[in-house]
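By convention here, the first residue in the shown sequence is residue 1.
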Amino acid sequence: MSAPTFLEPWQLRAAFARSLSDMYGKEVPAYTTLLDVSHEVNADFVAQHGADAERLGSISRVTAERHGAIRVGTPTEMAQVARVFGAMGMRPVGFYDLRDASSSSVPVISTAFRPVEREELARNPFRVFTSMLVTADRRFFTADLEQRLETFLGARTLFGPELLALADRAEAEGGLPEEQAAEFLRLATEAFELSREPVDQAWYRELEAVSAVAADIGGIASTHINHLTPRVLDIDDLYARMEARGITMIDAIQGPPRWEGPDVLLRQTSFRALAEPRTFRTADGEIVSDALRVRFGEVEARGIALTRAGRAAYDAAVVEIDEAAADARAGDPGFTEAHRQHIARAVWQKTFPTTEAALADQELGWFTYEVVSTGSTPEVRREPVVYEDFLPRSAAGIFQSNLTSDGAKDASQEGTDRDADWMAGALGRDLNDPFDLYADQVDRSLAAAAETLGVDPATLTTTHHTTGAPR
């Protein structure tokens, strides 16, 4: 079969995800190992659990699924990123403030670019967590350092005019002809390759003293993929298998604990950032070799999306776990991550129900509804909605676990206000609220099922029998 002569946004998105994965595998060989182990874990999980393994997405979707992470320095660069990803049908969703989500110095705010329609997510759910420096935040940057940093960032070009022109054309015309699509994909991939240009040593180290994340963003004249994350169906199994291969993992799996009830939201872990050789230019112009630890191999397991009430319960549980763990650590110098996980499971067991049905009935999780025929009686099948987004605390935890130092943060200074409205203004685009997207997905499913049955959508979750796995 011949290749398509016109690539739609989802085809550009899928091709870009593959291109980035190929490039990143060459730059970071341990990423290829991570993919191999992910495939092994997923295959074994499907063999063990059968159809239930695909409750949160088909195995083909899970296998292809990736999320990337990039970092930029200015609102102008963020707006350009939005244009590049907009060409692939990826919209900005959610606002994340990592400045207060970590004890380390992580002076960034973020959003995620991803598909927003259910059908587009099923085709290819590629998403990119995109962070931007807050150079005006005096907890991290003095006025003098802010000015010099802004001058440095303003002088660089991350995305060339040809790439941006092709991106704008693709978004306006709903895709690109094959030849232009190939050029767009080449330029977009190159924009996120690791530069081999010498780094100004003194400048990089000055920023690194404030924050390793700030140095990674503002200490070089380019950007790059920081990690490219596959999705796995059993992240605890993967963690053990990676360590068995001699690959050093971070100390913990971020997010909800492993327990007997339904998986919710997002669990993440990674192998530790690797020392990658880089060249530096010293103050006297000499080129010297050194290494930087800025890129790491993250992996994730996705669960059920929580409603606002479910998310409030999650946030309260996290606070309770932290407080209980702090008290236990203070009284036991031998306190370990295993002890923390025991505390977390106990809190989880009293916070969340142990079945999907109860999670739905208590309106803690999002579920879609579909009419199915079983014999002569139609039934309404309830299916969990996959969590497509991110957790600020988990993202900051991954960042922090891979930093070589905590950096410097002056808590006596006032932070600079940044919120979702500010991010939308910087992007020049509406910022989608993830809760609204999940609610819309559920409402559409209810409307379609109600139309099929000829009933009021409000009656479906109460008066009609629903089927689904009892997990």
Side-chain angles (χ1 to χ4, degrees), residues 20 23-24 26-28 31 68-81 84 98 104-110 128-137 140-142 144-161 163-164 187-228 272-298 398-399 402-405 407-408:
L20 271 187
M23 177 266 285
Y24 195 65
K26 294 173 183 175
E27 292 186 345
V28 184
Y31 167 72
I70 63 171
R71 301 164 176 172
V72 298
T74 68
T76 296
E77 291 174 353
M78 280 294 286
Q80 290 174 345
V81 165
V84 173
L98 273 59
S104 298
S105 179
V106 183
V108 301
I109 56 175
S110 312
V128 180
F129 190 81
T130 305
S131 302
M132 188 198 79
L133 274 181
V134 185
T135 58
D137 196 318
F140 308 98
F141 306 104
T142 65
D144 172 66
L145 184 54
E146 177 196 6
Q147 182 178 23
R148 289 184 289 127
L149 187 51
E150 290 290 337
T151 298
F152 180 89
L153 295 170
R156 73 183 185 181
T157 300
L158 299 184
F159 310 101
L163 171 60
L164 294 174
L187 292 171
T189 303
E190 286 181 355
F192 297 108
E193 290 180 349
L194 189 68
S195 171
R196 297 301 174 186
E197 290 295 313
V199 177
D200 184 321
Q201 188 178 58
W203 174 237
Y204 191 94
R205 298 306 181 197
E206 181 180 0
L207 290 176
E208 191 176 40
V210 174
S211 165
V213 174
D216 185 45
I217 299 172
I220 57 178
S222 62
T223 188
H224 51 256
I225 285 286
N226 280 94
H227 57 260
L228 199 57
R272 289 199 178 277
L274 303 174
E276 298 180 274
R278 299 289 290 275
T279 56
F280 288 81
R281 180 179 290 105
T282 65
D284 60 7
E286 182 183 0
I287 303 299
V288 298
S289 296
D290 203 341
L292 294 179
R293 293 180 180 270
V294 296
R295 301 198 298 177
F296 46 89
E298 186 177 275
I398 294 285
F399 279 25
N402 282 287
L403 297 177
T404 53
S405 71

Practice item. With side chain to side chain contact (heavy atoms under 4.5 Å, CB included) as the test, would you mind laying out the steps for Leu164 and Val84 before giving the verdict? Key: CA-CA 7 Å; Leu164 294 174; Val84 173; 4.1 Å; yes
**Study point:** Steps toward side chain to side chain contact (heavy atoms under 4.5 Å, CB included) verdict (Leu187, Glu190)
**Key:** CA-CA 5 Å; Leu187 292 171; Glu190 286 181 355; 4.2 Å; yes
Point to revise | side chain to side chain contact (heavy atoms under 4.5 Å, CB included) assessment of Ile109 paired with Leu98 | key: CA-CA 6 Å; Ile109 56 175; Leu98 273 59; over 6 Å; no
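With sequence neighbours excluded, no residue forms a side-chain hydrogen bond (donor to acceptor under 3.5 Å, both in side chains) with Arg278. A search for side-chain hydrogen bond (donor to acceptor under 3.5 Å, both in side chains) contacts involving Thr130 returns nothing, not counting sequence neighbours. Applying the side-chain hydrogen bond (donor to acceptor under 3.5 Å, both in side chains) criterion to Glu206, with sequence neighbours excluded, gives Arg148. When the salt bridge (Lys or Arg N to Asp or Glu O under 4.0 Å) test is applied to Glu193, no partner is found at least two apart in sequence or on another chain. Residues passing the side-chain hydrogen bond (donor to acceptor under 3.5 Å, both in side chains) test with Thr282 are Asp284, sequence neighbours excluded. Legend: residues meeting side-chain contact (heavy atoms from CB on, under 4.5 Å) with Ala202, ordered by chain and number and at least two apart, are Asp200. With sequence neighbours excluded, the residues that form a ring pair (Phe, Tyr, Trp, His ring centres under 6.0 Å) with Phe152 are Trp203. In this structure, the ring pair (Phe, Tyr, Trp, His ring centres under 6.0 Å) partners of Tyr24, at least two apart in sequence or on a different chain, are Tyr31. Not counting sequence neighbours, Tyr204 has no partner by the ring pair (Phe, Tyr, Trp, His ring centres under 6.0 Å) test. Looking at residues two or more places apart in sequence or on another chain, you find a salt bridge (Lys or Arg N to Asp or Glu O under 4.0 Å) between Arg156 and Glu77. When the salt bridge (Lys or Arg N to Asp or Glu O under 4.0 Å) test is applied to Glu150, no partner is found at least two apart in sequence or on another chain.
How far OG of Ser289 is from CZ of Phe280: 9.5 Å, rounded to the nearest 0.5 Å. Here the CE-CG distance, from Met78 to Leu133, works out to 11.0 Å after rounding to the nearest 0.5 Å. Summarising the geometry, atom CD belonging to Glu146 is positioned 10.0 Å from atom OG1 belonging to Thr151; distances are rounded to the nearest 0.5 Å. Atom CE of Met23 and atom CD1 of Ile225 lie 6.0 Å apart (nearest 0.5 Å). Taking CG of Leu20 as the start and CG of Leu228 as the end, the distance is 6.0 Å to the nearest 0.5 Å.
Of all heavy-atom pairs between Leu163 and Ala191, the closest is CD2-CB, 4.3 Å. Considering all non-hydrogen atoms of both residues, Ile217 and Leu153 come closest at O-CD2, 4.3 Å. Closest non-hydrogen pair, Val108 versus Ser110, comes out as CG2-OG, 4.3 Å. Across all non-hydrogen atoms, the minimal contact from Phe140 to Ala408 is CD2-O, 4.1 Å.
The environment of CD in Glu197 is sparse: at most 12 heavy-atom neighbours from other residues, nucleotides or ligands sit within 6.0 Å.
In this structure, Pro107 and Asp137 have side chains that are not in contact, with every pair of non-hydrogen atoms separated by 4.5 Å or more. In this structure the side chain of Leu145 reaches within 4.5 angstrom of the side chain of Leu207, judged on heavy atoms. Between Val134 and Phe141 there is no side-chain heavy-atom pair separated by less than 4.5 Å. Contact annotation: the side chain of Glu298 never approaches that of Asn226 to less than 4.5 Å [non-hydrogen atoms, C-beta and beyond]. The shortest side-chain heavy-atom distance between His224 and Ser195 does not fall under the 4.5 Å cut-off.
Between the Thr223 side chain and the Arg71 main chain, a donor and an acceptor come within less than 3.5 Å of each other.
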